[in-house]
Amino acid sequence: MAKITSKELRKVWLDFYIERGHTNIGAVSLIGDGSTGVMFNVAGMQPLMPYLLGKKHPKGTRLCNIQGCVRTVDIDEVGDRDHFTFFEMMGNWSLGNYFKKEKTAWTFELLTQKFGFDKNEIRCSVFAGDESAPRDDETANYLINLGIAPNHISYLGKDNNWWELEGTIATPCGPDNEWFYPRHNRPCGENCGPECDCGRYVEIGNDVYMQYEKTKDGYTPLNNKNVDTGFGFERLLMFLNGLVDGYKTDLFSEVIAIMENKIGVKYEQDEKITRAMRIIADHTRTSIMLIGDENGILPSNVGAGYILRRLIRRAVRYANEIKLDLSCIIDIAKIFIEKVYDEAYPTLYSKREYVYHELQNEIDKFNKALALGNKEFEKVISGIERKNQFMKNQNPDYVEEKLITGKSAFRLYDTFGFPIELTIEMAKEKGFDVDKQGFDESFRQHQELARTTSAGVFKGGLADNDEDTVRLHTACHLLLAGLRKMFGTHIEQKGSNITSERLRFDFNFDRKLTDEEVVELEKFVNDAIARAIPVERCEMTVKTAHEQGAYGIHKAEENETISVYKIGDVDFQICAGPHVKNTSELVNFKIVKQEAVSAGIRRIKATINN
């Protein structure tokens, strides 16, 4: 097999299928659009599901691409030599066009003629059959006709040779043909093959024959038979270059080299440092991909933004552990964007300065709290150990506690920005567990407090309907509407306090507003005041409110009647009130101060002047 660079591998794959009538459809956003129920795209075929189910694709029936994917379910495994949170899948598809005969021939040609695989060493597996579908003798016969020895074909069950997107229905699925190649010529026994776990055979890729649609009642044949090919880019690149460590390919080689030079330790010289290098490299790569995506996200405390924050903060923690200057993380990002993926991801390259800025912002934010958070963590551990020693002195049979309370874990999260997963990981390294259920309860109580204040139970007399506190309550709605318009609908109220003199409003945001942004925000609110917009209250079910576009934190059931306030085209929010009748009653809005509350939470103080 000839050695190959990552850029050469991209070109070979795409050129091969374009020459055979396929259209390169390019990669779509890494961020899930909600249609498949997942946060990120986790498979190359995922964006094509509507077309695999029968919808006409605008670019035809023969398609190919190399699609980026993000998977974090096994993030704890990252640090070994072959796990990544971002990875790419090389794919090609037939949407009701060709089927098994053509596909087996093309994969065989690609492997043997383009990549130099010995056909006598290739092993394949096909579906053995069950109540879902019959044994795939058709594919097996095509493989034999191409020159694959019959005893090199294994018939395996659904766990091995059946593909469907887990946890979903209305998904295309069917049997697959997997292709394997040996790492070496030392079989573990007489029956050594792809089905054994000795590690000799590497799965190169697979061809899925989507003949069925998974429904709640079982499997229904599709009108059009489709082909979905998936070859792991990183895995094939590693194998073609004779490597067993994915971090030694040219995707990572310069990144690893810069870390070696910065800390003066060679890769693989120290197991703990090597693991940290891999985590930093992987998490930085995934982070820049998510920030620089066409639908790019930013670190936050919810949803996909929380995953991104966790990745960056985990990278920062490991950089500090191996005494790697944090500026190196930005250098690593530059290598990925400007050298490795500059051609493959033009949108990422065009957004590079924005990506560096936002990445640096999150690094700085967490690093400031990290030292204090680590001290707090060590303080918690020391406290438990002191208690254990005291109890052991009192009773030699005392069983030592090795549990960090949920309350302590929540303090690390709320005050120092430690994702709960990071606390669990750090605790595990010291032989401790974390009361995750207790953390969840502390988090729930925190959210409940935010819901209570959002519903109108404010300190300072709002419940008594004072003419100033009521006006300031309406000002809170306009303020939140302005923040959401400027920074996105992920902005939420995290608490508030109103007196007759001023409002105090907490919201999720990761930096100080610039002077220009403060002016813009004030202008938004004052424009709404100047327009003299009526403030209308109505009652409707939660379901109806959501259907009409209302937002807000609430505890009601879907069919329960709630109060909703509408301020023209400016704001439509679930709220118990009370409010003014018209925005003109607010006269003039002025932000007097902004400050940090905790990691990721900002506070604005404002007044309304007569």
Side-chain angles (χ1 to χ4, degrees), residues 25 28 32-57 60-65 67 69 71 73 89-107 123-144 148 153-180 194-195 203-232:
I25 57 174
V28 301
D33 62 5
S35 63
T36 57
V38 293
M39 195 174 293
F40 303 115
N41 278 321
V42 296
M45 57 70 63
Q46 189 172 307
L48 289 168
M49 282 204 292
Y51 307 104
L52 291 165
L53 288 168
K55 183 180 178 181
K56 297 294 183 184
H57 196 285
T61 58
R62 293 189 179 191
L63 311 172
C64 66
N65 76 352
Q67 173 66 49
C69 305
R71 183 176 64 191
V73 292
M89 291 300 296
M90 303 185 289
N92 71 276
W93 295 270
S94 165
L95 305 177
N97 192 291
Y98 57 83
F99 204 47
K100 295 180 180 180
K101 182 177 181 180
E102 296 87 345
K103 190 70 214 41
T104 51
W106 285 339
T107 301
R123 298 288 294 258
C124 291
S125 63
V126 298
F127 184 50
D130 64 6
E131 67 280 358
S132 302
R135 189 168 106 154
D136 194 1
D137 289 318
E138 182 183 4
T139 298
N141 288 331
Y142 287 135
L143 293 170
I144 292 169
I148 304 296
I153 300 173
S154 302
Y155 295 86
L156 304 179
K158 194 168 239 182
D159 288 345
N160 299 93
N161 281 88
W162 182 273
W163 197 96
E164 63 185 46
L165 197 61
E166 294 182 7
T168 63
I169 59 172
T171 181
C173 55
D176 76 338
N177 165 205
E178 296 187 343
W179 299 78
F180 298 85
E195 59 269 36
E203 180 192 339
I204 302 302
N206 63 41
D207 296 319
V208 179
Y209 298 111
M210 294 186 169
Q211 303 169 243
Y212 305 95
E213 177 182 358
K214 180 184 178 182
T215 69
K216 61 181 181 179
D217 299 318
Y219 298 89
T220 303
L222 287 171
N223 292 328
N224 291 325
K225 295 180 179 180
N226 307 311
V227 175
D228 165 34
T229 292
F231 277 55

Pairwise distance CE(M210) to CG(L222) - rounded to 0.5 angstrom |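 One gets 9.0 Å once the value is rounded to the nearest 0.5 Å.
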State, yes or no, whether a side-chain contact exists between S125 and F180 at a heavy-atom distance under 4.5 Å.
->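 Yes; the side chains approach each other to less than 4.5 Å.
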Ignoring hydrogens and angles, state whether a donor on the side chain of S154 or E195 is under 3.5 Å from an acceptor on the partner side chain.
->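 Indeed, the side chains of S154 and E195 share at least one donor-acceptor pair under 3.5 Å.
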Just by distance, with hydrogens left out, do W93 and D228 show a side-chain donor and acceptor under 3.5 Å apart?
->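 A pair is found: one side chain offers a donor N or O, the other an acceptor, under 3.5 Å apart.
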Roughly how far, to the nearest 0.5 Å, is CZ of R123 from CD1 of I153?
->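 It comes to 9.5 Å.
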Would a distance-only check, ignoring hydrogens and angles, find a side-chain to backbone donor-acceptor pair under 3.5 Å from N161 to A128?
->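 Not at all, since once roles are kept as given, no pair shorter than 3.5 Å links the two residues.
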Residues two or more places apart in sequence or in another chain: which of them pass side chain to side chain contact (heavy atoms under 4.5 Å, CB included) with K55?
->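 Partners of K55 by the side chain to side chain contact (heavy atoms under 4.5 Å, CB included) criterion, ordered by chain and then number, come out as P50, Y51.
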What residues form a side chain to side chain donor-acceptor pair (under 3.5 Å) with Y219, not counting sequence neighbours?
->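 Counting only residues at least two positions away or on another chain, Y219 forms a side chain to side chain donor-acceptor pair (under 3.5 Å) with K158, E164.
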Take W106 and Y98, measure what ring-ring contact (aromatic ring centres under 6.0 Å, His included) needs, and give me the verdict at the end.
-> CA-CA 11 Å; W106 285 339; Y98 57 83; 4.8 Å; yes
Smallest separation among heavy atoms of Y212 and P134, with atom names =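 The answer is OH-CD, 3.9 Å.
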So, for C124 and N177, which heavy atoms are closest and what is the spacing to 0.1 Å?
->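 The pair with the smallest heavy-atom distance is CB-ND2, 3.8 Å.
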Residues forming a side chain to side chain contact (heavy atoms under 4.5 Å, CB included) with N97, sequence neighbours excluded |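 For N97 the side chain to side chain contact (heavy atoms under 4.5 Å, CB included) partners, ignoring immediate neighbours, are T61, R62, S94.
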Any donor-acceptor pair under 3.5 Å from T107 side chain to T104 backbone |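 Not a single qualifying donor-acceptor pair exists.
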Establish, for the pair R135 and F127, whether the NZ or CZ atom is under 6.0 angstrom from the six-membered ring centre and no further than 45 degrees off its axis.
->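 Here R135 fails the 6.0 Å and 45° test against F127.
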Quick one: does T215's side chain have a donor or acceptor within less than 3.5 Å of a partner on D217's backbone?
->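 Looks like yes, one N/O pair under 3.5 Å.
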Measure from NZ or CZ of K100 to the centre of the six-membered ring of Y209 and say whether it is under 6.0 Å with the direction within 45° of the ring axis.
->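 Pair K100/Y209 counts as cation-pi.
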Any donor and acceptor pair, going by atom type alone, linking the side chain of N141 with main-chain N or O of D137 inside 3.5 Å?
->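 Between the backbone of D137 and the side chain of N141 there is a qualifying donor-acceptor contact (under 3.5 Å).
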Give, for atom CZ of F40 and atom SG of C69, the distance between the pair rounded to the nearest 0.5 Å.
->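 One finds 12.0 Å between CZ of F40 and SG of C69.
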Assess whether side-chain contact (heavy atoms from CB on, under 4.5 Å) is satisfied between F99 and T139, documenting all intermediate values.
-> CA-CA 10 Å; F99 204 47; T139 298; over 6 Å; no
N206 side chain near T229 side chain, heavy-atom distance below 4.5 Å =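 Side-chain contact under 4.5 Å: no.
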Any donor-acceptor pair under 3.5 Å linking the side chain of D176 with the backbone of D207?
->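 Side chain of D176 to backbone of D207: no pair is present.
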Can you tell me how far the CD atom of Q211 sits from the CG atom of D136, to the nearest 0.5 Å?
->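 Separation between the atoms: 7.0 Å.
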